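Everything below concerns the one structure shown next.
Computed from a prediction, not measured in an experiment: that's the story for all the values here.
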Amino acid sequence: GLLGAGPVAAAPAPVVWDDHVGDPSVIRTPRGLVIVATGPEIGRLHQAGKREWTWVDPALTRRPSWSRRGDIWAADVARLGRRYVLYYAAPVRGLGENGRCIGVAVARTPLERFRPVGRAPLVCPSGARTPAAADPVADGVPGLPKKGVIDPSLYVEGGQPHLLYKTDGVPSSIRILPLTGDGLSVLPGATSSTLLDSPGVVENPVVVRRPEGYYLFLSEDDYSRCSYRTTWLRSMSLTDWSAATAPPVDPAAPPAYGVLLDQAGTGLCGPGGADVLVEGDRATVYFHGWTCRHSRRPCDGPRFKAFHRGGPTVRALYAARLTFTGGVPTIARYL
């Protein structure tokens with residue numbers, strides 16, 4: 001059954017701990033695995049072979065001209081053609097304390113410093129004090145918060161790149177935007193559209209395609225609480241997830257929604273921010289969970305803020321093999 005269905009005896013051990021690796025995005029490269037994570041200029045980890053993870057230079061050469069100071073959230077790194085692209089959510093003026101917009105940067109290799117592209121955000125609500133973005137995030141849609149956009153995630157199908165992202169605030173939504181083949185701009189004539197709406201918090205979208213259909217992995221709830229969790233939906237259509245969120249027509253059919261990682265099933269505090277690395281028939285999920293600094297276990301108490309300035313908690317990095325038994329994503333074993 002699902003890992004989140006009941007408690008486990010002990011929490012798994014992190015693969016990187018005692019340091020922040022929030023919202024990891026992972027890519028396999030000719031020189032080993034590379035992970036980018038939330039941080040001032042986008043933190044970057046490298047693992048060559050089976051050696052330990054090591055921090056390397058931050059991913060960005062500089063901040064884009066349209067951003068202000070502050071942590072850059074939940075970047076996503078991917079290869080498109082002969083270049084690597086990096087999508088990130090940088091803080092901006094005009095959208096409140098945590099308002100962010102999405103930019104893109106490029107590099108020839110994933111271990112070089114990435115160079116921001118363009119003088120304007122790729123995705124940004126019109127209320128931000130930035131040059132107009134290529135995607136203004138459905139201006140005029142009633143009920144859609146204008147606090148910013150975060151959690152960019154690239155999905156490519158048939159050579160066509162799509163950018164998924166989250167509209168920040170509550171209610172929240174997951175949107176999808178067709179991009180040009182190089183991933184650096186919006187496909188001419190295309191606009192973003194909503195994949196999923198929620199009265200609460202849904203974020204950190206990642207799409208994986210398998211013979212059983214499309215899987216959309218998400219984080220749900222407040223990221224600073226132990227109740228933060230990783231969930232999934234399944235659909236036969238990339239752009240229509242209504243069947244996954246509706247009551248099942250056939251109760252005997254495989255579920256189209258479930259919990260992959262939560263506190264009850266893992267023993268971890270807030271297992272979320274997940275990314276899925278697919279290599280042939282093998283799938284690995286990388287995610288973060290709150291631990292107490294200098295300890296591999298969570299601190300006491302139900303709520304933890306992201307103390308990036310030396311506070312008591314860190315988001316440790318975890319990894320696990322995924323299986324898709326009967327169409328249901330399930331943790332096979334932790335790494």
Side-chain angles (χ1 to χ4, degrees), residues 4 22-23 38 73-74 76 87-92 94-102 121-128 130 133 135-153 155 162-178 190-207 214-235 237-248 255-263 270-274 287 302-303 305-306:
D23 308 310
T38 289
W73 290 355
D76 188 45
Y87 301 94
Y88 54 87
V92 297
L95 297 180
E97 179 182 358
N98 291 315
R100 282 165 167 77
C101 293
I102 293 170
L122 182 62
V123 182
C124 193
S126 57
T130 68
D135 175 34
V137 198
D139 274 348
V141 175
L144 188 67
K146 303 294 184 182
K147 295 179 62 177
V149 287
I150 60 174
D151 295 349
S153 175
Y155 173 71
H162 299 81
L163 185 70
L164 288 83
Y165 63 86
K166 175 215 174 171
T167 57
D168 209 2
V170 176
S172 56
S173 68
I174 303 298
R175 298 181 64 80
I176 188 168
L177 175 67
T191 57
S192 60
S193 58
T194 300
L195 290 188
L196 188 70
D197 283 310
S198 171
V201 175
V202 291
E203 56 192 17
N204 195 59
V206 172
V207 167
Y214 296 91
Y215 288 86
L216 177 61
F217 293 89
L218 298 166
S219 297
E220 295 191 28
D221 212 332
D222 184 336
Y223 86 103
S224 66
R225 294 182 180 272
C226 288
S227 53
Y228 198 56
R229 60 194 178 274
T230 300
T231 61
W232 60 270
L233 296 88
R234 181 168 48 84
S235 172
S237 167
L238 175 62
T239 57
D240 183 0
W241 296 84
S242 56
T245 57
Y257 169 86
V259 176
L260 180 69
L261 300 158
D262 66 0
Q263 185 179 30
F287 60 98
R303 182 177 174 89
K305 282 295 184 184

Between Cys124 and Ala133, the two heavy atoms sitting closest are N-CB, 3.4 Å
(Q) If only side-chain N and O atoms count, and only distance matters, is there a donor-acceptor pair under 3.5 Å linking Glu203 with Ser219? (A) no
So CG of Asp151 and OH of Tyr87: to nearest 0.5 Å the spacing works out to 15.5 Å
* To do: State whether Arg100 and Asp168 are salt-bridged, where the test is any N-O pair (Lys NZ or Arg NE/NH1/NH2 against Asp/Glu carboxylate O) under 4.0 Å.
  => no
Fill in: Residue pair Val137 / Arg175, side-chain heavy-atom distance below 4.5 Å
yes
Check whether Thr194 reaches the backbone of Leu196 with its side chain - one donor and one acceptor, N or O, closer than 3.5 Å. no
For this session: Say whether, by atom type as modelled, one donor and one acceptor occur between the side chain of Ser172 and the main chain of Val202 under 3.5 angstrom.
Result: yes
On a heavy-atom basis, the closest approach of Pro152 and Tyr88 is CG-N, 3.7 Å
Tightest non-hydrogen contact, residues Ala74 and Thr38, listed as N-OG1, 2.8 Å
Report yes or no: does Thr167 contribute a side-chain atom to a donor-acceptor pair with the main-chain N or O of Ser173 at less than 3.5 Å? yes
Is the side chain of Arg234 donor-acceptor paired with the backbone N or O of Pro255 at a distance under 3.5 Å, no angle test? yes
Tell me, do Leu195 and Pro205 make a side-chain contact under 4.5 Å, heavy atoms counted? no
Between Cys101 and Val123 the two heavy atoms that sit nearest each other are CB-O, 3.4 Å
The reported gap from CG in Asp135 to CG in Leu122 (rounded to nearest 0.5 angstrom) is 7.5 Å
Open item on the list: With heavy-atom distances below 4.5 Å as the criterion, would you say the side chains of Leu216 and Trp232 are in contact?
Closed with: no
### Task
State, yes or no, whether a side-chain contact exists between Thr245 and Leu233 at a heavy-atom distance under 4.5 Å.
yes
| message | Can you confirm whether the side chains of Tyr165 and Ser192 place a donor and an acceptor under 3.5 Å from each other? | response | yes
Taking the side chain as every heavy atom from C-beta outward, state whether Val207 and Leu238 have any atom pair closer than 4.5 Å. yes
Only residue of Asp221, Asp222, Asp262 satisfying salt bridge (charged side-chain N to carboxylate O under 4.0 Å, His left out) with Arg229 is Asp221
Between the OG atom in Ser153 and the CD1 atom in Ile102, the distance rounded to the nearest 0.5 Å is 10.0 Å
